[in-house]
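Structure, as structure tokens:
The first residue in the sequence is number 1, and the count goes up from there.
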Amino acid sequence: MEGIIFKALSGFYYVDCGGELLTCRARGKFRHEKVSPLVGDRVNVVPQGDGTGTVDAILPRKNQFWRPAVANIDYLVVVASGAVPVTDPFLIDRVVAVAERQGCESVICFNKWDLEQPQALYETYRAAGFPTLRVSAETGEGLEELSTLIAGKVCAFTGNSGVGKSSILNALEPAFHLQVGDVSEKLGRGRHTTRHVELFRLKNGAVIADTPGFASFEEEGVGCPPEELQYAFREFSPYLGQCRFLDCAHVKEQGCAILEALSQGKLSQTRHDSYVRLYRQAREIPEWQRRSAKDPRTK
């Protein structure tokens, strides 16, 4: 039987096989091959007839993330907020850069729009070509648009703690009753309420994962060679190859087409600031450390 791993805990894999949920162990060959099944993996399982089974094969992945451990994501829904806790645009851009390198579409979702409207940031991501939504889990604004957008897709929800990921999921599907953490007004951040990655099925056919916050993507963010980072910023694409120097870093070089477009207001200053920060971080990472950033247990 073919199915999707919806949850992985303590060596058990809970595989959805078209409505039937099997509790499975993985075959020993995966351990010997240093391959770990991930939540979101499409797998072949051998049922035992008593609600249990064995994961026999992992089907080819379209993408994979190790932090958080999830695979085959269509949309990465980045939940941000202009209200407490205010999201730093750099955190959005770091996650989006990871998604771009994985061939995964990013959806930028500004929650708590009823409290604060970061209109400039909203326009920035729309102009960069990302699906961008104004949402309020409290009032329901934008939820129907979000539901329509993700219908039939496998999605991971991420964002810094307290921005309302679980609140949005509960609003989309009240039966989930996902735990919602209180935001500390003193610290301006929320308590982590998601302990592990788990997939949930929506009535609209979407399969979603509520994942830990932005910090989980930090190690993957530094895994990008500096010279490849330019391709993770999609709005740079029209200007690549037009610089005076072939190895232009797009940071401060003379004759840089991207810096020229920036000066003309064709590119976002905050997005370019994030690019420069990520580029400088990437340059500080030794090649051996970059190679080891990818966990060898993933397929």
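Taking the six-membered ring for Trp and thresholds of 30 and 60 degrees, H250 and Y275 have ring planes inclined between 30 and 60 degrees apart. Between H272 and F236, the two ring planes are tilted [angle within 30° to 60°].
Taken to the nearest 0.5 Å, the NZ atom of K153 stands 10.0 Å off from the CD atom of E105. Between the CG atom of L172 and the CD1 atom of I150 there is a distance of 5.5 Å, given to the nearest 0.5 Å. Rounding to the nearest 0.5 Å places NZ of K7 at 8.0 Å from CG of L21.
For N63 (side chain) and I73 (main-chain N/O), a donor-acceptor pair under 3.5 Å exists by modelled atom type. At distances below 3.5 Å, at least one donor-acceptor pair connects side-chain atoms of N72 with backbone N or O atoms of G40. N111 contributes a side-chain N or O that, together with a main-chain N or O of A137, makes up a donor-acceptor pair within less than 3.5 Å. Although no hydrogens or angles enter the test, the distance criterion places a donor-acceptor pair under 3.5 Å between the side chain of S263 and the main chain of E260. At distances below 3.5 Å, not a single donor-acceptor pair connects side-chain atoms of K165 with backbone N or O atoms of V79. No side-chain donor-acceptor contact under 3.5 Å links T52 to the backbone of Q48. D41 places no side-chain N or O within 3.5 Å of a backbone atom of V43 that could act as its donor or acceptor partner. For D16 (side chain) and F6 (main-chain N/O), no donor-acceptor pair under 3.5 Å exists by modelled atom type. Panel note: side chain R25, backbone G53; no donor-acceptor pair is recorded below 3.5 Å. With hydrogens and angles disregarded, a donor-acceptor distance shorter than 3.5 Å links the side chain of Q117 to the backbone of W113.
Within the structure, no pair that satisfies the ring-ring contact (aromatic ring centres under 6.0 Å, His included) test touches residues 8-52, not counting sequence neighbours.
Residue E116 comes nearest to A83 through the heavy atom pair CB-N, 3.8 Å, listed as atom of the first residue, atom of the second, then distance.
Note: the hydrophobic cluster containing L38 does not contain L9 (ILVMFWY, side chain heavy atoms under 4.5 Å, direct or indirect links). Side-chain heavy atoms closer than 4.5 Å link hydrophobic residues (I, L, V, M, F, W, Y) into clusters, and following such links, even through other members, never connects L59 to V46.
Ion pair E173/R201 not flagged as a salt bridge, since none of the NZ, NE, NH1 or NH2 atoms sits closer than 4.0 Å to an Asp/Glu carboxylate oxygen. Comment: R134 does not engage E141 in a salt bridge, judged by the lack of any side-chain N to carboxylate O separation of less than 4.0 angstrom. Salt bridge E235/R271: present, at least one basic N to carboxylate O contact under 4.0 Å. Between E253 and R244 there is no salt bridge, since none of the side-chain N atoms of the basic residue sits less than 4.0 Å from a carboxylate O of the acidic one.
Between F90 and D273, every side-chain heavy-atom pair lies at or beyond the 4.5 Å cut-off. Annotation: side chain of L115 is not in contact with side chain of V84 (no heavy-atom distance under 4.5 Å). Annotation: side chain of R280 is not in contact with side chain of L278 (no heavy-atom distance under 4.5 Å). Under the 4.5 Å side-chain criterion, counting only non-hydrogen atoms from C-beta, I208 is not in contact with L199.
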Next item on the list: Would you sort out whether T139 and D114 count as a side chain to side chain donor-acceptor pair (under 3.5 Å), showing the intermediate values?
Entry: CA-CA 7 Å; T139 67; D114 56 313; 5.2 Å; no

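Considering T132, V78, V135 as possible partners of C109, the one that fulfils the side-chain contact (heavy atoms from CB on, under 4.5 Å) test is V135.
Between D56 and T54, the side chains place no donor N or O within less than 3.5 Å of an acceptor N or O (distance only, hydrogens not considered).
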